[in-house]
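Structure first, then comments.
Just so it is clear: chains get the letters A, B, ... in the order the sequence lines come, proteins before strands, and each one is counted from 1. Remember, predicted model here, so these are calculated numbers, not experimental data.
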Amino acid sequence: MTLRLFDTYEREVRPFVPLDNREVGIYACGPTVYNFVHIGNLRTYLFEDLLKRVLFANGYKVNHVINITDVGHLTSDADTGEDKMEVGARRTGMSAWELADFYTAAFQVDFTKLNILPPDIWCRATDHIEEQIAFIKDLEDKGYTYQTSDGIYFDSQKLDDYGHLARLDIEGLKAGARVDQGERRSVTDFALWKFSPQEEKRQMEWDSPWGRGFPGWHIECSAMSVKYLGDYFDIHCGGEDHIPIHHTNEIAQTEASRGTRLANFWLHGYFLQMENAKMAKASGEFVTLERLIEKGYTPLVYRYFCLTAHYRSQMSFSWENLNAARTALGRLYSAAWSWGEPGEASKIYLQRFTDCLNDDLNMPRALAILWELVKSDEPDPVKKATLLVWDEILALDIQAWRPDSLEIPEQVNELVRQREAARENQDWQGADKLREQIARLGFTLEDGRDGTRLKRSENV
RNA sequence: GGACGGAUAGCCAAGCGGUUAGGCAGUGGUCUGCAACACCAUAUAGGCGGGUUCGACUCCCGCUCCGUCCUCCA
């Protein structure tokens, strides 16, 4: 089966054919670096990593670009409110520039921990101000812009099919509008360039043909994707929230300027739902990867957790569900370890797994096949070899896993020796008491045929 | 309120117009001094009300609830 992907623009699963058959261009919307990213953000990058690895498995080369939004993203997407970077600078005491560096680095650390392959190009909005100004100038020359007292705006009514990606009902939007649209001519118009406010000095601002200010949020993606991937490239990714505004506006800009709809495929990762709270960063309460690690989960447990749901379904996060993933992954690791050296992979299993992934990245179904293999009668070397091939996509570091080889405190070792003595004397009560003491020190005992094993409690 | 999506067993989560998804938990068993680990086996489904059909969890309509955007999101 050849690769098929769901395209939000056409709203259907269709065969993926690269525009240039040597290399697939992917642009993935990156974070606004005013705070740490949360595990919901990371779910989207895990989905994009899966996409990339499946493209590799299909023999394609990939040119992957991720942007870093370090200016211009306002606290309201309706082009009002403050720049998130300026707000973040005030909160932390760092300059907007330091803030961007700090959270960009933190974001890239999360990538490494989750085995997410880095993009070929990281690009920052503030490094591409000239390109953005040139793009806006081009839109102005072609008659798609107008000026208000606070900026240069895109005139969405000039396009016949504005909003097609999100199937927007413009009249409905107008009727249901809940916000003051200011001087904008239409609710769907958006800022290309915002003027610096007269009463305050911004940390991030630049001169432009229209006056001192900063670029709007959407223009960076159009300007940078053109620069690194060309006017029309293969795949544009992002979170589901980008469908109605951000991606809709990127398409409008590029369509107006270049006459293309920017990307051949639009893929969107769906949200992670929290048990009883919103995941939004602005709420201040959000779960980071670091928080998971503090609670004793290895990052790859979260990666496995995300693989159990299809990228186009919203997924419910809870600690109970994360525990389920930890248990399952632990069993997989330990089974794979017990199989020893790899032999030859099973062609049939490999094919079935690939078929699932080529069917719009259906990883949940692929995992069902994985568990079928684990429980099958295939010889251990076949199981091991097959699983290791799959791990190029799963990226769970299956080969590297070892049963706990722990540094055991002398205190614990002494208790274990005492318990062994008690067991030899059939002093079961004494042995059980010692087991409890050891448990309080964070270790679990497993009496096997060839002796007693120690495990750190709750550890994968 | 408007637009666009969704609702599957205790929890998470797939496919499918008729034939076992899978994982976790639970239960029974093997193992164990007892446990734990591991392994084997296994019950419970498809929001509500209509319709189409020989047959609907799957298609259509209405309602309810949830999510996304319009108000902070990936």
Side-chain angles (χ1 to χ4, degrees), chain A residues 8 11 28-32 35 37-48 73-78 80-81 84 87 163 165-181 187-188 237-246 248 268-273 278-284 286 304-305 307-310 312-318 320-332 334-335 338 356 359 362-372 374-375 403 422-423 426-429 431-432 435 439 444-449 452-453 455 457:
Chain A
T8 307
R11 297 284 163 104
C29 281
T32 303
N35 207 329
V37 297
H38 55 60
I39 56 174
N41 301 113
L42 291 169
R43 184 186 177 204
T44 298
Y45 300 102
L46 284 165
F47 137 64
E48 288 155 1
H73 195 167
L74 304 188
T75 53
S76 158
D77 286 353
T80 58
K84 291 177 178 183
V87 176
L165 177 76
R167 305 294 189 265
L168 291 183
D169 170 356
I170 311 294
E171 291 309 313
L173 271 179
K174 285 178 187 163
R178 286 184 165 183
V179 281
D180 176 13
Q181 65 181 63
V187 275
T188 52
C237 303
E240 59 164 318
D241 57 319
H242 283 160
I243 299 168
I245 305 274
H246 185 52
T248 290
H268 294 94
Y270 280 65
F271 273 18
L272 184 74
Q273 306 293 340
K278 293 275 279 185
M279 192 48 134
K281 281 193 264 187
S283 73
F286 57 92
Y304 179 86
F305 172 80
L307 296 179
T308 64
H310 191 264
R312 218 144 40 74
S313 297
Q314 291 183 348
M315 182 180 200
S316 300
F317 178 85
S318 70
E320 184 194 350
N321 299 343
L322 193 64
N323 285 339
R326 169 160 64 186
T327 304
L329 180 59
R331 285 180 187 161
L332 180 65
S334 134
S338 75
C356 292
D359 181 15
N362 196 331
M363 185 52 97
R365 234 173 70 207
L367 284 180
I369 289 166
L370 180 151
W371 286 106
E372 192 185 315
V374 171
K375 310 220 160 164
R423 292 181 74 211
Q426 305 205 346
D427 171 15
W428 308 127
Q429 282 193 341
D432 288 350
R435 181 163 63 196
T444 306
L445 288 161
E446 289 171 16
D447 299 330
R449 205 157 296 164
T452 296
R453 246 180 73 191
K455 268 179 68 175
S457 306

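- Using a 4.0 Å heavy-atom criterion, one finds that A/Arg11 contacts the sugar-phosphate atoms exclusively.
- Taking the six-membered ring for Trp, A/Tyr270 and A/Phe47 have ring centres at least 6.0 Å apart.
- Base engagement by A/Pro364 is indicated by at least one non-hydrogen atom pair under 4.0 Å involving a base atom.
- Across B/A9 and B/C54, the matching C1' atoms stand 29 Å from one another, rounded to whole Å.
- Within 4.0 Å of A/Asn362, counting heavy atoms only, lie sugar-phosphate atoms of the nucleic acid but no base atom.
- Both distances falling under 3.5 Å, in either a Watson-Crick or a G-U wobble arrangement, place B/G62 opposite B/C48.
- What separates NE2 of A/His268 from C1' of B/G5 is a distance of 13 Å, to the nearest Å.
- The gap from the P atom of B/C11 to that of B/C60 amounts to 27 Å, rounded to the nearest Å.
- When the P atom is used for both B/A45 and B/U52, the distance is 27 Å, rounded to whole Å.
- To the nearest whole angstrom, the two C1' atoms, one in B/U8 and one in B/C4, are 22 Å apart.
- Anti is the conformation of B/G47, whose glycosidic angle sits further than 90° from 0.
- Residue A/Gln426 is out of contact with every strand shown, counting any heavy-atom pair closer than 4.0 Å.
- On the C1' atoms, B/G62 is 37 Å away from B/A25, given to the nearest whole Å.
- Considering only side-chain N and O atoms, A/Asn321 lies nowhere under 4.0 angstrom from the phosphate OP1 or OP2 of B/C12.
- Among the atoms of the strands shown, only primed sugar atoms or phosphate atoms (P, OP1, OP2) are found under 4.0 Å from some heavy atom of A/His242.
- Taking the 5.5 Å centre cut-off and the 30° plane limit, the aromatic side chain of A/Phe271 is classed as stacked on B/A74.
- For a distance-only test at 3.5 Å, the side chain of A/Asp241 fails to qualify as a donor-acceptor partner of the base of B/G67.
- Comparing the same atom, C1', in B/A14 and in B/G22 gives a spacing of 8 Å after rounding to whole Å.
- B/G67 and B/C4 make up a base pair, with Watson-Crick or G-U wobble contacts both under 3.5 Å.
- Rounding to the nearest 0.5 angstrom, the gap separating the OG1 atom in A/Thr8 from the CD atom in A/Glu240 is 10.0 Å.
- Nucleotide B/C54 forms a pair with B/G18, judged by Watson-Crick or G-U wobble geometry with both contacts under 3.5 Å.
- Among the nucleotides B/G33, B/A14, B/G22, the one closest to any side-chain atom of A/His310 is B/A14.
- Where A/Ala325 and A/Gly238 meet RNA chain B, the nucleotide closest to each residue was compared, and A/Ala325 sits on the side nearer the 5' end.
- With contacts defined as side-chain heavy-atom distances shorter than 4.5 Å, the pair A/Thr308/A/Asn321 does not qualify.
- In this structure, the side chains of A/Trp428 and A/Arg423 come closer than 4.5 Å at one or more pairs of heavy atoms.
- Side-chain atoms of A/Arg11 come within 3.5 Å of backbone atoms of A/Leu165 as a donor-acceptor pair (strictly under, hydrogens ignored).
- Rounded to an integer number of Å, the gap from A/Glu240 CD to B/A3 P is 19 Å.
- Taking every side-chain heavy atom of A/His38 into account, B/A74 is the closest of B/A74, B/G33, B/G22.
- Distance CZ (A/Arg312) to C1' (B/A14): 13 Å, rounded to an integer number of Å.
- A/Asp359 has its side chain within reach of A/Arg365: a pair of non-hydrogen atoms, C-beta onward, lies under 4.5 Å apart.
- Across all strands shown, A/Trp428 has heavy atoms under 4.0 Å from base atoms, whether or not it also approaches the sugar-phosphate.
- When each of A/Cys29 and A/Tyr304 is assigned the nucleotide of RNA chain B with its nearest heavy atom, A/Tyr304 is the one assigned upstream, toward the 5' end.
- The phosphate of B/A14 (OP1 or OP2) has a side-chain N or O of A/Ser313 nearer than 4.0 angstrom.
- The separation of B/A21 from B/C16, taken at their C1' atoms, amounts to 10 Å, rounded to a whole angstrom.
- Between A/Leu168 atom CG and B/C4 atom P there is a gap of 9 Å when expressed in whole angstrom units.
- Separating the CD atom of A/Glu320 from the P atom of B/G23 is a distance of 17 Å, rounded to the nearest angstrom.
- The separation of B/G17 from B/C12, taken at their P atoms, amounts to 25 Å, rounded to a whole angstrom.
- Listed candidates were B/A74, B/G5, B/G67. Nearest to the side chain of A/Tyr270 is B/G5.
- When the P atom of B/A74 is taken as reference, atom CG of A/Asn35 falls 10 Å away, rounded to whole Å.
- Going from atom CG of A/Leu329 over to atom CG of A/Leu332 covers 6.0 Å, rounded to the nearest 0.5 Å.
- Atoms SG and NE2, from A/Cys29 and A/His268 in turn, are 8.0 Å apart once rounded to the nearest 0.5 Å.
- A/Phe286 places none of its side-chain heavy atoms less than 4.5 Å from the side chain of A/Asn41.
- Set against B/G33, B/G23, B/G67, the side chain of A/Asp432 has B/G33 as its closest nucleotide.
- If you measure from atom CG of A/Leu46 to atom C1' of B/A74, you get 12 Å, rounded to the nearest angstrom.
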Do nucleotides 35-48 of chain B as a string where each nucleotide becomes B, S or -: B if the base has a protein heavy atom under 4.0 Å, S if just the sugar-phosphate does, - if no protein is that close. BBSS----------
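- Two residues are said to be in side-chain contact when any heavy atoms from C-beta on lie closer than 4.5 Å; A/Phe305 and A/Leu272 meet this criterion.
- A straight line from CD1 of A/Ile243 to P of B/G5 spans 10 Å, rounded to a whole angstrom.
- Across all strands shown, B/U42 is found opposite B/G26 as a Watson-Crick or G-U wobble partner, with both distances under 3.5 Å.
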